[in-house]
Amino acid sequence: MSFFRPEILAMDGYTPGEQPQAGKFIKLNTNENPYPPPPGIRRAIEEVLDKGLQRYPDPMANAFRTRAAELYKLPSKDWVLCGNGSDDILTICTRAFVGQGELLRLPYPSYILYKSLAQIQGAQSQEVKFNADWSLPASFGDPAAALKLVFLPNPNSPTGTMISREAILELAERLPCPLIVDEAYADFAEFNCIDLVQQNEKIMVSRTLSKAYGLAGLRFGFLLAQPQMVEQLIKVKDSYNCDAFAIGAATAAIHDEAWQADNRRKIIATRAKLVAGLEQLGFTVIPSQANFVWCNHQKHEARPLYEQLKAQKVLIRYMNYAGWRDGLRISVGTDEQTDVLLALIGSLL
Ligand SMILES: *Cc1c(COP(=O)(O)O)cnc(C)c1O
């Protein structure tokens, strides 16, 4: 006999990418930023320490909310909900909208965590396959009685492809439930959907500081949504879901717009170099608007390449999507890391 709910026993559990704690790897497997975060976060963290940690943090992280509303041109802080990483935001939304036996929809292939969140709820998930050109079939917007939440990563992972703003507005108009546009990688893309939040309350945008701000170790993410949505979601979150260091550092980080613009420019330039290098080596690369690319070699299988690179201390991500294909997802690192990677692949082929 087991103590656990059957849903928990039945699920596999989400497996995050490898995070080796020892050994010197060139780490291009979990889409972290290769550059250090905005320098102002050091002072912000020291200020938290100086104030002391004996008190609880601001439960709403209002300093961050106020700055985020300004930066993203939203009417007030009431349009912002903060989380312990954007995975926390996704969890809060799933718990708030999707009950046992109800339905959560996601595109395929995309972020595997969405499915795990549905499983924990005892909910059903429905994966809708992208079209061959990486648009979505009309059925992605079809209403269904049990449908309570739709997730759409934009840019998508693992492909780096995007759905247009027009298509997203149209989806929200047709859907009977909220549509969470997961913009974990939108800072590297040509457009985003933040202003659409004001046009339709079903559109909610989730963001993270893990990728575009070099703060994966800090754990801070947030949701941009209409105030009547945020107001209900607050009831579901942990009271103190963001710690004092995270609130201080995240607020300092988004103040540094110059750092963000410079980082974005560097990553996009290195992405172009990575794509060109891979294509020259005989890979087919899906055009990406994120800080990673999905690729397959025309002759060599993906898994042995991943393993041989790992043996040489270069870590990329091997993924196998049932019903689609396997392949390699490579994060954009520094120019130097990219040179090492390309030279090493060249020597292995
Ligand atoms: C990395 C990632 C996240 C999670 O970011 P955290 O803020 O670190 O929890 C969410 N969605 C997608 C699609 C991601 O790739």
Side-chain angles (χ1 to χ4, degrees), residues 14-19 27-34 37 41 61 64 68 80-95 104-118 120 125 127 130 134 136 149-163 168 179-189 192-194 204-225 237-238 241-243 245-247 249-251 253-254 267 271 286 288-294 315-317 319 321 329-332:
Y14 177 71
T15 314
E18 295 162 87
Q19 307 296 347
K27 195 168 176 304
L28 304 173
N29 68 330
T30 47
N31 304 339
E32 291 135 324
N33 205 302
I41 69 154
F64 182 90
V80 184
L81 177 76
C82 299
N84 178 32
S86 66
D87 285 350
D88 183 35
I89 293 294
L90 307 177
T91 301
I92 293 167
C93 291
T94 308
R95 290 170 67 196
L104 181 156
R105 181 178 290 160
L106 60 149
Y108 188 81
S110 77
Y111 192 34
I112 297 155
L113 176 75
Y114 305 140
K115 217 177 148 174
S116 306
L117 294 176
I120 294 169
S125 52
E127 293 173 316
F130 280 103
W134 301 106
L136 282 166
L149 185 62
V150 176
F151 279 122
L152 179 64
N154 210 41
N156 185 47
S157 174
T159 55
T161 53
M162 286 189 94
I163 299 299
I168 284 171
L179 169 65
I180 305 218
V181 184
D182 182 344
E183 292 197 344
Y185 302 104
D187 284 308
F188 306 109
N192 66 60
C193 292
I194 288 178
M204 307 202 290
V205 168
S206 123
R207 288 262 170 151
T208 175
L209 273 72
S210 298
K211 317 288 172 37
Y213 284 91
L215 288 170
L218 185 77
R219 310 307 303 137
F220 199 91
F222 58 101
L223 182 77
L224 303 171
K237 78 177 191 72
D238 290 348
N241 60 331
C242 301
D243 70 66
F245 291 123
I247 297 169
T251 307
I254 63 163
I267 297 284
R271 181 176 73 202
I286 299 178
S288 169
Q289 295 213 33
N291 66 334
F292 56 82
V293 299
W294 177 267
L315 208 51
I316 61 173
R317 191 87 178 253
M319 289 179 166
Y321 291 88
R329 196 192 67 186
I330 306 177
S331 309
V332 177

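Values below: every heavy atom of this structure, side chains too, minus hydrogens, waters and symmetry copies. We count ligands from 1, going down the list as the structure has it; atoms in each ligand are counted the same way.
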- Query: Among protein heavy atoms, which sits nearest to atom 12 (C) of ligand 1, and what does the distance come to when rounded to 0.1 Å?
  - Reply: Asp182 OD2, 3.4 Å
- Query: If you measure from atom 15 (O) of ligand 1 to every heavy atom of Tyr185, Tyr111, Phe151, Tyr114, which option wins on shortest distance?
  - Reply: Tyr185
- May I ask which of Leu218, Asn291, Asp87, Leu113 has a heavy atom nearer to atom 4 (C) of ligand 1 than the others do? Asp87
- State, yes or no, whether a side-chain contact exists between Leu113 and Phe151 at a heavy-atom distance under 4.5 Å. no
- Asp243 side chain to Asn84 main-chain N or O, any donor-acceptor pair under 3.5 Å? no
- Task: Compute the ring centroids of Tyr185 and Phe188, then answer whether they are less than 6.0 Å apart.
- Result: no
- Message: Counting only heavy atoms, tell me which of Ser86, Pro153, Gly85 gets closest to atom 5 (O) of ligand 1.
- Response: Ser86
- Any N or O of Ser157 closer than 3.5 Å to N or O of ligand 1: no
- Item | Closest contact, heavy atoms only, Asn33 versus Lys211 | ND2-O, 3.0 Å
- Item | Top protein contact for atom 2 (C) of ligand 1, by heavy-atom distance | Lys211 NZ, 2.5 Å
- Query: Which pair of non-hydrogen atoms, one from Ala61 and one from Cys82, has the smallest distance, and what is that distance?
  - Reply: CB-SG, 3.8 Å
- Near Arg219, which atoms of ligand 1 are under 4.0 Å from a heavy atom of that residue? 6 (P), 8 (O), 9 (O)
- Task: Work out whether the distance between some heavy atom of Gly221 and some atom of ligand 1 is less than 4.0 Å.
- Result: no
- Item | For Ser210, atoms of ligand 1 separated by under 4.0 Å from a heavy atom | 6 (P), 7 (O), 8 (O)
- Please report the shortest heavy-atom distance between Asn192 and Glu183, naming the atom on each side. CB-OE1, 3.4 Å
- Message: Determine whether a donor-acceptor pair (N or O, by modelled atom type, separation under 3.5 Å) exists between the side chain of Arg271 and the backbone of Ala290.
- Response: yes
